[in-house]
Protein chains: 2
Amino acid sequence: MKKNVSLKDIAEKVGVSTALVSYVLNGKMEGRISKEVAAQIKAVAEELNYRPNQIAKSLKTNRTHTLGLLLADIANPFSSQIARIIENEANKLGYTVIIGSSDEQVEKSKSLIQLFLNRQVDGLILSLPENSEEIVSDLKEKGIPFVLLDRYFPEISTNSVTIDNYSAAEAAIKHLQENNIARIGIVTYETSLFHLEERLRGALESCNGNATVGKVRLGNIEEDVEAAITAFLNPENKVEAIFFLSNLLAISGLKYLNKLQVTIPDQLAVIAFDKTDAFDLFYTTITYVNQPMNAMGVEAVKLVQQAISGVPTETTVNLQTELVIQHSTTG
Amino acid sequence: MKKNVSLKDIAEKVGVSTALVSYVLNGKMEGRISKEVAAQIKAVAEELNYRPNQIAKSLKTNRTHTLGLLLADIANPFSSQIARIIENEANKLGYTVIIGSSDEQVEKSKSLIQLFLNRQVDGLILSLPENSEEIVSDLKEKGIPFVLLDRYFPEISTNSVTIDNYSAAEAAIKHLQENNIARIGIVTYETSLFHLEERLRGALESCNGNATVGKVRLGNIEEDVEAAITAFLNPENKVEAIFFLSNLLAISGLKYLNKLQVTIPDQLAVIAFDKTDAFDLFYTTITYVNQPMNAMGVEAVKLVQQAISGVPTETTVNLQTELVIQHSTTG
DNA sequence: ATAATCAGTTTAATCGTTTAAGCAACTGGT
DNA sequence: ACCAGTTGCTTAAACGATTAAACTGATTAT
C-alpha cells in the first residue's frame, strides 16, 4: 500500500515549510500569504492528490468529526431506517457515523460506548436498553456530548429526542372507540423501558379497564406473541381489536393471525405502533401510529452537534406522531 | 468534557517514563521489566481508568482497526442484514465498521470511499453500483485492501465474495418446470450489474425462450413493476409464474398482485430471489432463493482481513444458494 | 536616522502513542 | 580485573497535522 501524500511532501516540492502549506490549504491567514505561493501550493496539492490525514488532524484538534450511534439492532427496520437518516444528516454536517447494535444488552452497550469513546468520537446518539441509567449518568458526569434517541429515562435529565408515546397510544385507542370497538388486546414487551411503559399507560388509561395485556419476552417474541393472541381470542375475553406496541410485535402477530386464518378487520381489528414495509404485503392495509423518523434523526443530530459545540443544554425534543388510519380498523 | 487520562499521567504518578508504561500495558518486553513496577503501573492504569487514545495509536502504527463498508442503502433489509453480520464479525476481530450508503450512485460511492480512506480505514468491503469499474481499478492500483461483496466485475480480478447467481436462477426455473410451469415472467432491474445479468442469463437460458422479461428502472420501481406485471397478465403472454430477481422487486410485485387480487399460487406462481421478513405477512408462503447471508459476511471480513495483513490474493469466494420451496409455487 | 509596522514565512511545540537505541548498574566467566 | 551479557529503565524520534510565536526584510512614520 503506497504511502499517502503528506503536507511534508508538498512542502518539499514547493520549497516552503509545512506550516505554510497547512495555512494555505486551510484558508487561514488569508491575505498574509503571497498569491503566487498560495497558488503553487494548491497546484501541487492537487497534482499530488493530497488528502489530509484525518487521524493526525484529529490528534491535534481533538475532534474526530465522528459520531457514535448505538441502536438496538441495525438489522431491524426501525433501527436501519433511523440509521440511514442519521447517516445522511451527519454527513451533511461533516460527521461520519460509527454504528453499534446493543441487542438490548446493557453490557454490550457499555462496551460499544467504550469503543466509541476510545476512538474519540465527538458525540454519541444512543438508543439504550432497559436498566441503562448508570450509563447515562456516567456520560453526564464525564461531560461527554450525547443525546438519547427514542428511549429515555424520565428520572435523568438529558438531551433527548422522543415521541409523545402516551398521546400516540391514546389516539390509537380513541380511534378504535370511535369505531365502536371497546375490548382491546394490547401486546407489548415485558420491559421497564419508559417509552413502552408510556405507550401502555396511554393505551390502558384510555381503555377504562376494557383491555387485556399480553407481555412478550424479548428472547421469545414469536411464542409469546402467539400465546398472547391465543388468550385474546379466547371467547371469554371478547377482544375485538389488537394493539401492537411495536412493529416487530405486529409482524409476529399478523403472521400468526394469518396462520389462524383470522380475517382482519372482519373478525378482529388491528392497529400497530410504528410501521414497516412488511405491512405492504398483508392482504389488508394496517392502521398504525406513524413515527416522524426523519424529524427524529434530524433533531438527534442537531442536538448532539449542539452539545459538541459546547452548548450546555438538557433539551428534550418531544415529537408528535400521526395516526394513519387504514382498513385494519375501519373495514 | 474532562481530559482523558494519558500514558503521561500514569507515568508521572508512578514516577517512570511513558515508554515504560506503554511497554507494560502492551505486554511487550516481558521479562525485562520488574514485576513490582509492572504491577504498580497496571494498578495505577486501572485506578485512573486509563483508556488508550486510539487516534494517537493509529497515527503511530498506521492501523486504525476500522473497516469501511459501502452498501447500496443501509435502510434496505438486504443491506442492513449483511451490515449486522459484518459488524459482528469485524468486532470479533477487533475491527470497527464505518458504513456508507451509495444509493447506487457512482459519485456518492467515490466520495464515501474517499471519506473512508481519509479516515485511514485499514480495508474496505464494497457493494458497488454499476459502472464502478474505475473505482475498483483505482483501489487495486493504490494497493488498498478491499473485497467486493455481492456485486462484482468479471473483467477485473479482485478479492470478492459472491453467490452463484447463474445456478441459483437456473435452479429456480428448473423447479418451476418440474411443477409444469412453462411460461415465465421475469422482473429485473434495468442495469448492467453483473450479478443481476447473471441471474437473468441463468433464468433465460433455462427457459428456452419461454419467458417474458420486465425491466425496472431504479428510480421508478413501483410503477415499472406494475407495468411489467400488467404486461405479464395480458392473456396473450400466458405467463404462469413470475420470478422476481430481487427482494425489493418482489415486495413491490406482491403488493401489486394483492391489489389486483390475483391469487397466489392458483392464478399465478411466484418465486423470489432473496427473501425478506415482509414475505411473512403475505397470505401464502413464498418460494425463494436463499442467500447465505451469514457466510457472505463472514467470508468478506475474512478476505479483507487477509488483504490487510498483506496476503496478496485475488480470491473469489463463490457461495451456493439454496432454493426454499414453499406454497407460492407448489400450491 | 530610528523606531514602528507590516507582509510573508519559518520555527518549534504539541496532540498521545510507539519503539529503536542508549545507558547505568549488576552478574558472572575467565 | 576486565569484558560480555543481562536487567531495568530512559531518551528521543517519529507518526502528520495545527498554530502560537518568532523572525526577516522592506516600508512607513517620527
Side-chain angles (χ1 to χ4, degrees), chain A residues 1-42 44-45 48-66 94 117-122, chain B residues 1-42 44-45 48-66 94 117-122:
Chain A
M1 184 156 165
K2 275 184 208 159
K3 232 187 93 253
N4 277 329
V5 178
S6 74
L7 281 187
K8 206 175 159 191
D9 299 322
I10 301 178
E12 273 167 13
K13 182 140 186 183
V14 180
V16 295
S17 69
T18 61
L20 192 56
V21 178
S22 171
Y23 286 134
V24 168
L25 298 181
N26 288 303
K28 303 220 166 160
M29 319 232 93
E30 301 263 25
R32 287 196 50 114
I33 296 165
S34 78
K35 301 248 182 258
E36 300 81 45
V37 177
Q40 206 191 341
I41 288 174
K42 282 180 189 156
V44 172
L48 299 182
N49 194 27
Y50 169 72
R51 303 289 163 202
N53 181 325
Q54 297 297 332
I55 298 291
K57 197 169 199 157
S58 294
L59 182 59
K60 188 75 226 288
T61 60
N62 215 19
R63 281 260 176 285
T64 53
H65 295 281
T66 301
L117 295 179
N118 291 350
R119 293 184 179 251
Q120 317 296 125
V121 297
D122 292 343
Chain B
M1 186 154 167
K2 274 184 208 158
K3 231 186 94 252
N4 278 329
V5 178
S6 74
L7 281 187
K8 207 174 160 192
D9 299 322
I10 301 178
E12 272 167 13
K13 182 140 186 181
V14 179
V16 295
S17 69
T18 61
L20 191 57
V21 178
S22 172
Y23 285 133
V24 168
L25 297 181
N26 288 305
K28 304 224 167 158
M29 318 236 96
E30 302 262 24
R32 289 194 50 120
I33 295 165
S34 79
K35 300 248 182 258
E36 300 81 46
V37 177
Q40 207 191 340
I41 288 174
K42 281 179 188 157
V44 172
L48 299 182
N49 194 28
Y50 170 72
R51 304 289 163 202
N53 181 324
Q54 297 297 332
I55 298 292
K57 197 169 200 158
S58 294
L59 181 59
K60 191 75 230 283
T61 61
N62 215 19
R63 281 261 175 285
T64 53
H65 294 281
T66 302
L117 295 179
N118 290 350
R119 290 179 184 255
Q120 316 295 126
V121 297
D122 292 342

Between N or O atoms, less than 3.5 Å apart, protein on one side and nucleotides 16-18 of chain C on the other: list the pairs.
| from | atom 1 | to | atom 2 | distance (Å) |
| --- | --- | --- | --- | --- |
| dG16(C) | N2 | A56(B) | O | 3.4 |
| dT17(C) | OP1 | Y50(B) | OH | 3.1 |
| dT17(C) | OP1 | N53(B) | N | 3.1 |
| dT17(C) | OP2 | L7(B) | N | 2.8 |
| dT17(C) | O5' | Y50(B) | OH | 3.2 |
| dT18(C) | OP1 | N26(B) | ND2 | 3.4 |
| dT18(C) | OP2 | S22(B) | OG | 2.6 |
| dT18(C) | OP2 | N26(B) | ND2 | 3.0 |
| dT18(C) | O2 | K60(B) | NZ | 3.1 |

Does the pair R119(A) and T66(B) meet the rule for a side-chain contact (heavy atoms from CB on, under 4.5 Å), with working shown? CA-CA 10 Å; R119(A) 293 184 179 251; T66(B) 302; 2.6 Å; yes
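- In terms of heavy-atom proximity, D122(B) sits nearest to N62(B) at OD1-O, 4.3 Å.
- If you measure from atom CD1 of I41(B) to atom P of dG8(D), you get 13 Å, rounded to the nearest angstrom.
- Taking 4.5 Å as the limit, some side-chain heavy atom of Y50(A) sits within range of a side-chain heavy atom of L7(A).
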Filtered N/O pairs between nucleotides 6-8 of chain C and protein, under 3.5 Å:
| from | atom 1 | to | atom 2 | distance (Å) |
| --- | --- | --- | --- | --- |
| dA7(C) | N7 | R32(A) | NH2 | 3.3 |
| dG8(C) | OP2 | G31(A) | O | 3.1 |
| dG8(C) | N7 | R32(A) | NH2 | 2.4 |
| dG8(C) | O6 | R32(A) | NH2 | 2.8 |

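- The side-chain heavy atoms of L48(B) and K13(B), taken from C-beta on, include a pair separated by under 4.5 Å.
- Scanning both residues, T64(B) and Q120(B), for their nearest heavy atoms gives OG1-O, 2.7 Å.
- Straight-line distance from the CZ atom of R63(A) to the P atom of dG16(D): 24 Å, rounded to whole Å.
- In this structure, R63(B) and S58(B) approach most closely via the heavy-atom pair O-OG, 3.1 Å.
- No side-chain heavy atom of V16(A) sits less than 4.5 Å from a side-chain heavy atom of Q40(A).
- Following rounding to the nearest Å, M29(A) (CE) and dA20(D) (P) show an atom-to-atom distance of 8 Å.
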Under 3.5 Å, sequence neighbours excluded: what are the donor-acceptor pairs made by side chains of residues 21-31 of chain B?
| from | atom 1 | to | atom 2 | distance (Å) |
| --- | --- | --- | --- | --- |
| S22(B) | OG | N26(B) | ND2 | 3.3 |
| N26(B) | ND2 | S22(B) | O | 2.8 |

